[in-house]
Student: 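Could you have a look at this structure, given as structure tokens, before my questions?
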2 protein chains.
Amino acid sequence: MESQDLRKAGLKVTLPRLKVLEILEQTAQRHMSAEDVYKALLEMGEEIGLATVYRVLTQFEGAGLVSRLSIEGGHAVFELVDGSHHDHLLCVSCNRIEEFVDEVIEERQRVIAAEKGFEMTEHSLYIYGICKECQKKAG
Amino acid sequence: MESQDLRKAGLKVTLPRLKVLEILEQTAQRHMSAEDVYKALLEMGEEIGLATVYRVLTQFEGAGLVSRLSIEGGHAVFELVDGSHHDHLLCVSCNRIEEFVDEVIEERQRVIAAEKGFEMTEHSLYIYGICKECQKKAG
DNA sequence: AGTGTAAATGAGAAGAGTTTTCATTTATAT
DNA sequence: ATATAAATGAAAACTCTTCTCATTTACACT
Ligand SMILES: [Mn+2]
Ligand SMILES: [Mn+2]
Ligand SMILES: [Zn+2]
Ligand SMILES: [Zn+2]
């Protein structure tokens with residue numbers, strides 16, 4: 001029951017918020033742009049404005065329910081937070097997104113930040129490339 | 001003499017291109033937005049349009065003379081390519097940018113891409129945090 | 001040096017993605 | 001039920017960047 005998650009975040013339980021959560025939970029694609037969410041809502045018969053979708057996603061991000069990927073050149077993409085941090089591989093040809101966790105990289109980042117005297121708050125790591133399927137298609 | 005670099009890249013040797021190169025070479029700040037370059041040109045007395053600055057920087061990027069950082073939420077930032085690849089640390093408080101190279105991370109990225117069947121074309125890694133100076137100021 | 005032609009430029013319009021504004025509606029505490 | 005603060009929708013605004021198109025420029029070839 002996600003009404004509780006909303007209340008915990010200090011957010012009123014509204015239809016747009018519940019529906020956006022529902023989309024994020026039930027969608028086949030884990031990573032969705034605001035536009036994707038907006039269209040999924042329309043297909044579901046919910047006429048929720050795009051501005052509201054942006055607002056709600058941003059609030060969810062603030063509440064730690066959702067994380068935002070800022071992909072080079074493109075739209076922001078959102079995904080439900082499900083506990084653990086991970087980074088991403090992106091196919092530049094078909095936009096497929098894969099996830100990975102690498103403790104070696106995570107640790108090196110901490111060391112580098114410490115060496116430079118930085119108090120690390122976060123990091124963003126994207127590996128761009130051509131996925132297996134797209135390599136096949138290209139021959 | 002950088003006219004040669006331009007010619008090698010198949011670009012005509014024009015005043016805007018020479019001046020943008022000059023700015024990038026002589027500036028104190030290694031990392032500059034298009035706007036920064038534009039303003040530096042104005043201060044130098046060169047009335048070169050912002051659209052031209054964007055065009056020239058994008059062409060320089062294509063020619064491998066310049067690389068572009070896509071920083072979360074903000075403007076793109078450009079820097080002269082000087083041989084080796086490096087990644088960046090960014091202070092979220094004062095926008096200071098520091099550079100680092102870490103072969104362990106570079107290698108792990110190759111391994112991860114290979115494991116996922118990706119042909120890696122590039123990567124982007126930013127460590128966000130608070131720099132030493134800003135930590136002092138904040139107490 | 002002069003000429004032709006393709007490329008480059010400047011100014012402003014357009015574009016994409018996202019945020020803001022503001023009048024109206026809604027959730028929720030009383 | 002009522003009051004009130006918060007949320008919403010629609011459109012406008014915003015920011016950064018690219019495009020359009022008329023004019024200018026670089027440079028290959030006389
Ligand atoms: Mn993910
Ligand atoms: Mn750099
Ligand atoms: Zn692909
Ligand atoms: Zn700082």
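Chain A is the first sequence line, chain B the second, and so forth, proteins listed ahead of strands; every chain is numbered from 1.
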Student: What is the distance from NZ of A:Lys19 to C1' of C:dA27, rounded to the nearest Å?
Tutor: 17 Å
Student: Whole-Å distance between C:dG17 P and A:Leu57 CG?
Tutor: 15 Å
Student: B:Arg68 has an atom CZ; how far is it from atom C1' of D:dC16, in whole Å?
Tutor: 11 Å
Student: Does the separation of the ring centres of B:His123 and B:His85 fall below 6.0 angstrom?
Tutor: yes
Student: At less than 4.0 Å, is any side-chain N or O atom of B:Tyr54 found next to OP1 or OP2 of D:dT18? Yes or no.
Tutor: no
Student: Report the distance from atom CG of B:Leu50 to atom C1' of D:dT18, rounded to the nearest whole Å.
Tutor: 11 Å
Student: Report the distance from atom CG of A:Leu18 to atom C1' of C:dA27, rounded to the nearest whole Å.
Tutor: 12 Å
Student: Got A:Arg7 and A:Ser3 here, is their nearest side-chain heavy-atom distance under 4.5 Å?
Tutor: yes
Student: How would you summarise protein contacts on nucleotides 5-12 of chain D per nucleotide, using B for base, S for sugar-phosphate only and - for none, with heavy-atom distances below 4.0 Å?
Tutor: BBSBBBB-
Student: Within the 4.0 Å heavy-atom criterion, would you say A:Ala76 contacts the bases, only the backbone, or no part of the nucleic acid?
Tutor: sugar-phosphate
Student: Taking B:Ile48's backbone N and O only, do any of them form a donor-acceptor pair with B:Thr52's side chain (distance below 3.5 Å, no angle check)?
Tutor: no
Student: Rounded to whole Å, how long is the line connecting atom CG of B:Asp36 with atom P of D:dT17?
Tutor: 11 Å
Student: Give a yes or no answer on whether the side chain of A:Tyr126 reaches the backbone of A:Ser70 with a donor-acceptor pair at less than 3.5 Å.
Tutor: yes
Student: To the nearest Å, how far apart are B:Tyr38 OH and C:dG10 P?
Tutor: 10 Å
Student: Given that B:Val13 and B:Ser33 both sit by DNA chain D, which one's nearest nucleotide is further toward the 5' end?
Tutor: B:Ser33
Student: Can you measure B:Leu6 atom CG to D:dT25 atom C1' for me and round it to whole angstrom units?
Tutor: 15 Å
Student: Give a yes or no on whether the backbone of A:Arg30 and the side-chain of A:Thr27 come within a donor-acceptor separation of less than 3.5 Å.
Tutor: no
Student: Spell out, as yes or no, whether a donor-acceptor pair under 3.5 Å connects the side chain of A:Thr121 to the backbone of B:Tyr128.
Tutor: yes
Student: Taking side chain to side chain donor-acceptor pair (under 3.5 Å) as the test, write out the residues that go with B:His75, two or more places apart.
Tutor: none
Student: Work out how much the helix from C:dA1-D:dT30 to C:dT30-D:dA1 bends between its end axes, five pairs an end, to the nearest 10 degrees.
Tutor: 30°
Student: Are any of the side-chain nitrogens in B:Arg17 or B:Asp5 under 4.0 Å away from the carboxylate oxygens of its partner?
Tutor: no
Student: Taking NZ, NE, NH1 and NH2 as the nitrogens, is one of them in A:Arg110 or A:Glu103 under 4.0 Å from a carboxylate oxygen of the other?
Tutor: yes
